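Notes for the one structure printed next.
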Amino acid sequence: MAKELTSREENYSQWYNDLVVKADLAENSAVRGCMVIKPYGYAIWEKMQAALDGMFKKTGHSNLYFPLFIPKSFFSKEAAHVEGFAKECAVVTHYRLKNSPDGKGVVVDPEARLEEELIIRPTSETIIWNTYKNWIQSYRDLPLLYNQWANVVRWEMRTRLFLRTTEFLWQEGHTAHASSEEAVEETLKMLNVYTQFAEEYMAVPVIQGVKTDNEKFAGAIDTYCIEALMQDGKALQAGTSHFLGQNFAKAFDVTFTDKNGKPDFVWATSWGVTTRLIGALIMTHSDDNGLVLPPKLAPVHVVIVPIYKTDEQRSMIAEKAEQLKKLLEDEGITVKFDNRDTHKPGWKFAEYELKGVPVRLAIGPKDYENNTVEVARRDTLEKKIIPQEEVVKHVKKLLVDIQDNIYKKALNFRNANTFECNDYAEMKDILENKGGFVLAYWDGTIETEEKIKEETKATIRCIPFGQQHEGGKCIVSGKPSKYRVLIARAY
RNA sequence: CGGGGUGUAGCGCAGUUGGUAGCGUACCUGGUUUGGGACCAGGUGGUCGCGUGUUCGAGUCACGCCACCCCGACCA
């Protein structure tokens, strides 16, 4: 019993930390607040990247790459933007080290101070718009539909593996358009891409909406988001897409000549998702036995564990396993045959459950004789003996079933923990004792928003799309309200 | 940055009134095992976070520093 997990009930946050480390996804590094993403965790990120990147390409985007460093002066050009990020920027002031005078180690060479300090990007709007200025003259140059996969740094006080680290990986799309309508359309299009990715690949149901002015991205006109509900009843923002209006074009003087020969500022969007999605994935599906990964993002779909007593059995079963592996791989399924003799089958079962491998096949002497295989599915832990000739068909179906089942399970959980609420005391009680999403009327004022935040520690996550009711009274002030907002404590 | 806590073998921990460090696990070797985290025997592994002090003698006492974790405020 080498790797006992803390149970979710006992301590959810400890469970999460244990799981990330014990499933070998990531660990804390020698640098405060920064993590080492280990191969298994990185493999999940690569799967996410591949799926998202394909979707970006299909919607007409290309990748490019901008520098990690941004001249300090760029940052002061968009007032709201500076305000939003100033407190968490890492600043490069020098470019050289030298041997310490006392002979012990190295010191920063005071002679090598930069004329202008460089900011390590917390996001790249400023350098990108400074550059787009040179790329855009006419409406014929538009739109620019670009994306970059990059690392960014935000100097956070308190960090948690994947959920909040000082450095993290993400993609940031930055597009330029000739009209407001087109930019808004792009913003919503990418929100839909994120939604589709979350639901179809991650099997995480999300709620689409728009952020309040108070919660929106610094420098945006509107911030759209998708919000997911974790098993502990807390919300997690799984993606954001911003309509930036002409704010950055004005700040960096990016103009174009329209069809009528008139100059105008360019319209902008930006949108991103981060390695935080791995945290969302973990907290949505996993259980007290370990990770539960959706087949579409699992680095390994199927693990084959041989069971044997003698060397002869071992080699006969290995041959059978290799045959099955090949058949499954021909169907595009990723298979690991764990033929190590250094660990017992029971150990391997526990290990791959911890790592969330969706399907496990076990082949032992009895199976060899009967031409059968034991199939176990990770999401329900059910086991079943099936004939070998049905393995491929069965596994293919099982992978689809698991993807489907964990999505439904997550959706049911969210539905069971989403409360339409019209009474403030009741809302407080829900947020305090049960957790989950509360849908309540809000009068639209920042005063009410701040009051809710202060008294419940929950925030307005978004104003959900597609509300068709006639309105009601604000849950706090009693003033008329057009729509319900999504309220929850959040990561 | 505030409150709390912890630093002793890779990991998790014990260490009494101060006497030169131990347990579990992991690791290595050999053997028996293998259908849910095997067992037996033997073995390797420590600058006790760092520094200064008290003392004949410090993991243990004093002072200072550092790091990490948890809880808050800020955030994807």
Side-chain angles (χ1 to χ4, degrees), chain A residues 1-6 11-14 16-18 21-22 27-34 83-89 122-123 151-172 194 211 214-218 223 225-228 235-242 270-280 289-290 305-311 313-314 317 338-354 360-370 372-374 376 381 383 385 453-454 457 459 461 489-491:
Chain A
M1 302 300 258
K3 292 183 179 177
E4 275 296 302
L5 272 183
T6 306
N11 184 342
Y12 190 84
S13 133
Q14 184 71 44
Y16 176 83
N17 293 341
D18 280 4
V21 172
K22 288 178 177 169
E27 64 187 34
N28 280 309
S29 72
V31 185
R32 176 207 206 82
C34 295
E83 179 75 15
F85 286 104
K87 286 167 291 184
E88 48 190 26
C89 286
T123 179
N151 57 339
V152 286
V153 166
R154 297 183 188 173
W155 213 265
E156 298 291 348
M157 288 303 157
R158 209 176 136 217
T159 58
R160 284 188 78 191
L161 294 171
F162 291 118
L163 298 173
R164 181 173 300 111
T165 47
T166 300
E167 180 189 14
F168 57 92
L169 306 183
W170 78 345
Q171 57 70 215
E172 47 181 327
Y194 290 154
K211 288 285 186 192
N214 194 36
E215 296 277 335
K216 74 183 182 189
F217 172 71
T223 289
C225 64
I226 51 175
E227 295 284 330
L236 188 141
Q237 179 177 298
T240 50
S241 184
H242 315 289
S270 69
W271 26 274
V273 298
T274 77
T275 34
R276 183 182 231 203
L277 288 180
I278 296 173
N289 296 309
V305 177
I307 295 154
Y308 51 82
K309 286 195 168 81
T310 64
D311 278 349
Q313 281 175 342
R314 187 180 178 204
I317 287 164
D338 188 348
N339 197 26
R340 287 178 297 175
D341 196 36
T342 48
H343 296 279
K344 291 185 60 178
W347 188 93
K348 293 176 186 174
F349 292 175
E351 180 70 9
Y352 293 109
E353 267 163 25
L354 185 61
R360 181 186 72 229
L361 303 179
I363 310 171
K366 287 180 223 156
D367 297 304
Y368 190 88
E369 259 178 51
N370 304 331
T372 58
V373 174
E374 182 194 81
L381 298 171
K383 288 192 282 197
I385 306 285
K453 194 172 174 179
E454 209 164 287
K457 290 175 188 158
T459 48
R461 302 312 303 155
R489 290 189 180 165
Y491 277 98

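Numbered from 1 within each chain, the chains take letters A, B, ... in sequence-line order. These numbers were taken from a predicted model, which means no experiment stands behind them.
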Write down the atom of A:Thr459, the atom of A:Ala490, and the distance for their closest heavy-atom approach. OG1-CB, 4.4 Å

Looking only at heavy atoms, what is the nearest atom pair of A:Leu236 and A:Ala280, with distance?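 Looking at all heavy atoms of both residues, the shortest contact is CD2-CB, 3.7 Å.
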
Given atom [atom1] of [X] and atom [atom2] of [N], what is their separation to the nearest angstrom?
| X | N | atom1 | atom2 | value |
| --- | --- | --- | --- | --- |
| A:Phe168 | B:C75 | CZ | C1' | 9 Å |
| A:Ile363 | B:U34 | CD1 | C1' | 15 Å |
| A:Glu369 | B:G35 | CD | P | 17 Å |
| A:Arg340 | B:A38 | CZ | C1' | 16 Å |
| A:Leu5 | B:G12 | CG | P | 15 Å |
| A:Lys87 | B:C75 | NZ | C1' | 9 Å |
| A:Lys211 | B:C75 | NZ | C1' | 11 Å |
| A:Ile307 | B:G37 | CD1 | P | 11 Å |

Base, sugar-phosphate or nothing for [X]? Non-hydrogen atoms, less than 4.0 Å.
| X | result |
| --- | --- |
| A:Lys348 | nothing |
| A:Thr275 | nothing |
| A:Thr165 | base |
| A:Leu163 | base |
| A:Arg360 | base |
| A:Gln14 | nothing |

Between [options], which nucleotide has the shortest distance from any of its atoms to the side chain of [X]?
| X | options | answer |
| --- | --- | --- |
| A:Glu351 | B:C75, B:G37, B:G36 | B:G37 |
| A:Phe349 | B:A38, B:G36, B:G37 | B:G36 |
| A:Lys344 | B:U34, B:C74, B:G37 | B:U34 |
| A:Pro365 | B:G36, B:C74, B:G35 | B:G35 |
| A:Trp347 | B:G37, B:G35, B:C75 | B:G37 |
| A:Lys457 | B:U33, B:A73, B:G37 | B:A73 |
| A:Glu156 | B:U34, B:G36, B:C75 | B:C75 |
| A:Lys453 | B:C75, B:U34, B:G36 | B:C75 |

Are side-chain N/O atoms of A:Glu167 and A:Asn151 paired as donor and acceptor at under 3.5 Å?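 Result is yes, a qualifying pair exists.
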
Strictly by modelled atom types, are A:Thr6 and A:Asn11 linked by a side-chain donor-acceptor pair under 3.5 Å? no

In this structure, are over 12 heavy atoms from other groups packed under 6.0 Å from A:Trp155 atom CH2?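 No, not enclosed.
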
Is A:Gln14 atom CD crowded by more than 12 heavy atoms from other residues, nucleotides or ligands, each under 6.0 Å away? yes

Pairwise [atom1] distance for [N] and [M], with rounding to whole Å:
| N | M | atom1 | answer |
| --- | --- | --- | --- |
| B:C11 | B:C68 | C1' | 15 Å |
| B:A38 | B:U33 | C1' | 7 Å |
| B:U29 | B:G35 | P | 22 Å |
| B:C23 | B:G46 | P | 15 Å |
| B:A58 | B:G53 | P | 12 Å |
| B:A21 | B:G45 | P | 14 Å |
| B:U60 | B:G7 | P | 13 Å |
| B:U8 | B:G22 | C1' | 10 Å |

Side chain to side chain, [X] and [Y], heavy atoms closer than 4.5 Å:
| X | Y | result |
| --- | --- | --- |
| A:Val21 | A:Leu161 | yes |
| A:Thr275 | A:Trp170 | no |
| A:Lys383 | A:Arg360 | yes |
| A:Thr123 | A:Glu172 | yes |

Restricting to side chain to side chain donor-acceptor pair (under 3.5 Å), what partner residues turn up for A:Asp341, sequence neighbours left out?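 Applying side chain to side chain donor-acceptor pair (under 3.5 Å) to A:Asp341 gives A:Tyr308.
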
Could you work out, with side chain to side chain donor-acceptor pair (under 3.5 Å) as the rule, every residue matching A:Asp338, not counting sequence neighbours?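 A:Asp338 satisfies side chain to side chain donor-acceptor pair (under 3.5 Å) with A:Arg340, A:Tyr352 once adjacent residues are dropped.
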
By nearest-nucleotide position on RNA chain B, the 5'-leaning member of A:Gln237 and A:Leu381 is A:Leu381

Would A:Lys211 and A:Glu227 pass as an ion pair if we require N to O under 4.0 Å?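 Yes, A:Lys211 and A:Glu227 are salt-bridged.
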
Suppose we screen for ring pair (Phe, Tyr, Trp, His ring centres under 6.0 Å). Which residues come up paired with A:Tyr12, at least two apart in sequence or across chains?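 With neighbours one apart ignored, the set is A:Trp15.
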
At a cut-off of 3.5 Å, list every protein nitrogen or oxygen paired with a nitrogen or oxygen from nucleotides 65-69 of chain B, distance to 0.1 Å.
from: B:C68; atom 1: OP2; to: A:Arg32; atom 2: NH1; distance (Å): 2.4
from: B:C69; atom 1: OP1; to: A:Asn28; atom 2: ND2; distance (Å): 3.3

Syn versus anti for B:U33, judged by chi lying within 90° of 0? anti

Using the ring of A:Phe168 (Phe, Tyr or Trp, six-membered ring only), decide whether A:Arg154 places NZ or CZ under 6.0 Å from its centre and within 45 degrees of its axis. no

Could you write out RNA chain B as a dot-bracket string, with dots for unpaired bases, | for bases paired across to another strand, and Watson-Crick or G-U pairs counted at under 3.5 Å? (((((((..((((.....[..)))).((((((.....)))))).....(((((..]....))))))))))))....

Report yes if a donor N or O on one partner sits less than 3.5 Å from an acceptor N or O on the other, where the partners are the side chain of A:Lys383 and the base of B:G36; otherwise report no.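 Side chain to base: pair found, below 3.5 Å.
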
Across nucleotides 2-7 of chain B, 5' to 3', mark each nucleotide with B, S or - according to how protein heavy atoms within less than 4.0 Å reach it. ------

